[in-house]
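For reference, the structure is listed below as structure tokens.
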Amino acid sequence: MTARPAPSVVDGSAAPGAASAGPQDLPSIDRLLRQPGASALVAEHGHTLVAGEARALLDGLRRDAVTGALARGAVEPAALDAALKRRVQGRLQPKLRAVLNLTGTVIHTNLGRALMADAAVQAVLATMAAPNNLEYDLASGGRGDRDSIVEELLCTLTGAEAATVVNNNAAAVLLTIAALARGKEAIVSRGELVEIGGAFRMPDVMASAGATLVEVGTTNRTHPRDYEQAIGPQTALLMKVHTSNYAVQGFTASVDEAELARIAHAKGLPLATDLGSGSLIDLAARGLPAEPTPRQKIESGCDVVTFSGDKLLGGPQAGLIVGRKAAIDRIRKFPLKRALRISKLPLAALEATLRLYLRPERLAQDLPTLRLLTRPLADIRATAEALCAPLAAALAPRFDVSVVELLGQIGSGSLPVERLPSAGLAAAPRERKGAGRALDELSAALRALPRPVIGRIAEDRLLLDLRCLEDPAGLASQLPALAVSLGVGGAA
Ligand SMILES: *Cc1c(COP(=O)(O)O)cnc(C)c1O
């Protein structure tokens with residue numbers, strides 16, 4: 001090599017401090033790939049991925065070098081090897097990851113809703129890699145229908161005559177309205193025109209289904225005569241929607257399903273109810289707030305009841321449609337059904353989950369959603385007490401940690417005003433000045449852990465509700481990494 005040209009500010013090779021490196025200090029891609037660390041990566045992962053990351057790494061370093069922001073140490077062979085390894089590992093890390101839900105909301109839509117029972121996980125595994133009788137009738141050797149996998153179970157559990165299943169409850173509602181009221185009118189109370197998170201709005205769903213929404217009553221009060229007066233030659237459907245994520249309180253009136261069914265059936269019209277969550281069991285009998293069941297709605301005379309698979313039912317994402325045979329047959333045969341159908345993996349999980357309901361005495365053990373919702377407060381508090389000192393040690397001296405009583409919720413639109421007494425840990429910044437920033441930093445550090453921990457910030461504290469932490473080791477094992485990332489843990 002000839003002597004280097006004098007560093008110049010103009011071409012970017014001049015470094016403002018003696019500690020910075022210039023672009024000329026960076027190796028070529030080929031040289032970088034021949035380094036020991038890099039060649040080990042190539043041996044493990046192949047040339048394509050590693051060379052791509054090496055190029056991106058060097059491009060980034062070159063940009064820093066040009067602005068004089070590249071430390072000398074960063075161009076050392078060992079540092080380059082380490083940086084390349086981090087990039088390659090980062091690229092291979094899945095984006096969808098398991099987290100710890102310490103938000104206090106048990107069925108959290110943003111965190112994947114219900115956890116699958118062991119039986120459901122096993123059923124999915126068994127169905128994934130082997131052919132199966134998804135649409136094959138083993139008795140006759142002819143074509144079968146995927147609905148038949150769960151129809152009988154759903155009828156047993158809800159008292160319905162027939163059942164069909166689609167991709168999610170939004171699809172169930174869309175399909176029901178389209179099949180029963182496309183090109184016609186559907187009547188809904190103004191008190192029930194719900195919006196569910198993620199742009200599911202009843203008026204828009206009606207429009208997408210090709211039905212004309214006829215609103216009746218007012219926000220707080222709707223009476224039987226409001227429905228009766230709205231029924232005309234174009235009416236095809238009466239619809240009731242469970243106000244799952246809000247409550248209308250005070251001077252209110254609504255028409256229940258039994259009364260609505262009488263009004264609808266007197267005119268030869270079907271009544272559909274969207275339950276949203278819908279529990280297959282009596283939650284009040286388990287010490288939880290009551291939630292309407294599909295069985296009650298069927299008994300009240302509803303022709304169609306729709307509900308979610310991954311809310312209180314505790315299964316996979318799915319939309320369940322149960323009801324009278326005539327109505328379900330129309331829904332099943334409607335062409336849109338094919339576009340909304342459930343796939344085999346959720347169907348396997350759903351079947352296994354529904355079978356758990358055949359053994360109600362064991363359900364609180366076998367179904368994670370119910371197990372978490374009915375977890376004894378003393379148990380949650382004991383977990384909090386066991387983790388308090390380790391977390392305090394990890395966060396000292398920046399945060400004070402204490403065991404606190406908390407109020408959680410079921411989530412996913414179930415029982416929005418009911419709270420679940422719970423317990424957990426609160427971390428409060430010791431310095432009042434900059435407390436907000438300290439809390440943001442702590443919650444970011446928790447989210448950056450190998451198994452991200454999701455809590456919530458309230459009243460100047462970071463709260464970790466421990467209802468959903470059944471294995472304390474999930475948090476305890478990550479505390480050293482947390483302390484390192486926050487640069488604390490002096491008392492540890
Ligand atoms: C949650 C909910 C839906 C949507 O169900 P998904 O399974 O999320 O598609 C529809 N209607 C009501 C009343 C709901 O609570």
Side-chain angles (χ1 to χ4, degrees), residues 105-116 120 150 154 163-178 180-181 186 188-209 211 213 237-248 254 256-257 260 271-280 283 289-294 296-297 302 304-323 331 336-337 339-343 345-347 349-350 353-354 369 409-418:
T105 300
V106 177
I107 310 172
H108 198 303
T109 293
N110 304 143
L111 302 180
R113 290 196 181 158
L115 309 183
M116 290 310 97
V150 289
L154 279 169
T164 182
V165 187
V166 288
N167 174 64
N168 60 6
N169 188 39
V173 175
L174 178 73
L175 179 63
T176 298
I177 297 170
L180 302 183
V188 185
S189 161
R190 288 195 172 88
E192 298 171 5
L193 294 174
V194 305
E195 174 181 310
I196 310 295
F200 176 93
R201 310 175 94 195
M202 199 40 80
D204 300 341
V205 175
M206 283 277 175
S208 304
L213 169 65
L237 176 68
L238 266 60
M239 175 129 196
K240 192 152 172 78
V241 186
H242 188 52
T243 56
S244 50
N245 53 4
Y246 67 100
V248 181
S254 63
D256 68 18
E257 277 87 350
L260 262 188
L271 168 65
T273 287
D274 175 24
L275 265 190
S277 199
S279 172
L280 288 176
L283 289 185
E291 174 83 358
T293 65
Q296 288 164 352
K297 301 303 172 190
C302 290
V304 179
V305 181
T306 57
F307 54 105
S308 280
D310 56 355
K311 292 183 178 172
L312 279 170
L313 193 147
Q317 178 185 305
L320 289 76
I321 311 176
V322 303
I331 291 167
L336 191 58
K337 165 85 188 327
L340 303 175
R341 76 180 183 187
I342 187 171
S343 91
L345 300 185
L347 187 61
L350 179 63
T353 306
L354 291 173
T369 299
Q409 53 189 323
I410 293 179
S412 271
S414 306
L415 309 152
V417 291
E418 304 278 359

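All ligand and atom numbering here is 1-based and tracks the order in the structure.
- A186 meets the side chain to side chain contact (heavy atoms under 4.5 Å, CB included) test with A181, M206, L237; sequence neighbours excluded.
- The N/O atoms of S308, backbone and side chain alike, include one that comes under 3.5 Å of an N/O atom in ligand 1.
- S412 and T109 share a donor-acceptor pair across their side chains, judged by distance under 3.5 Å alone.
- The side-chain heavy atoms of L313 and L350, taken from C-beta on, include a pair separated by under 4.5 Å.
- Closest to atom 14 (C) of ligand 1 by heavy atom, among K311, E192, Q317, H242, is K311.
- Side-chain atoms of H242 and S277, non-hydrogen and from C-beta on, never get closer than 4.5 Å to each other.
- Heavy atoms of V173 stay at 4.0 angstrom or farther from ligand 1.
- No N or O atom of S277 sits closer than 3.5 Å to an N or O atom of ligand 1.
- Between L280 and F307 there is a side-chain heavy-atom pair separated by less than 4.5 Å.
- Short contacts between ligand 1 and F200, defined as distances under 4.0 Å to a heavy atom of the residue, involve ligand atoms 10 (C), 11 (N).
- For V194, the heavy-atom gap to ligand 1 stays at 4.0 angstrom or more.
- Near R113, meaning under 4.0 Å from one of its heavy atoms, ligand 1 places the atoms 6 (P), 7 (O), 8 (O).
- At least one side-chain heavy atom of R113 sits under 4.5 Å from a side-chain heavy atom of S308.
- Distances from atom 10 (C) of ligand 1 to the heavy atoms of L313, N169, T306 show the closest one on N169.
- Checked against a 3.5 angstrom limit, the closest N/O atoms of A170 and ligand 1 fall inside it.
- Residues passing the side chain to side chain contact (heavy atoms under 4.5 Å, CB included) test with L115, sequence neighbours excluded: P368, L372.
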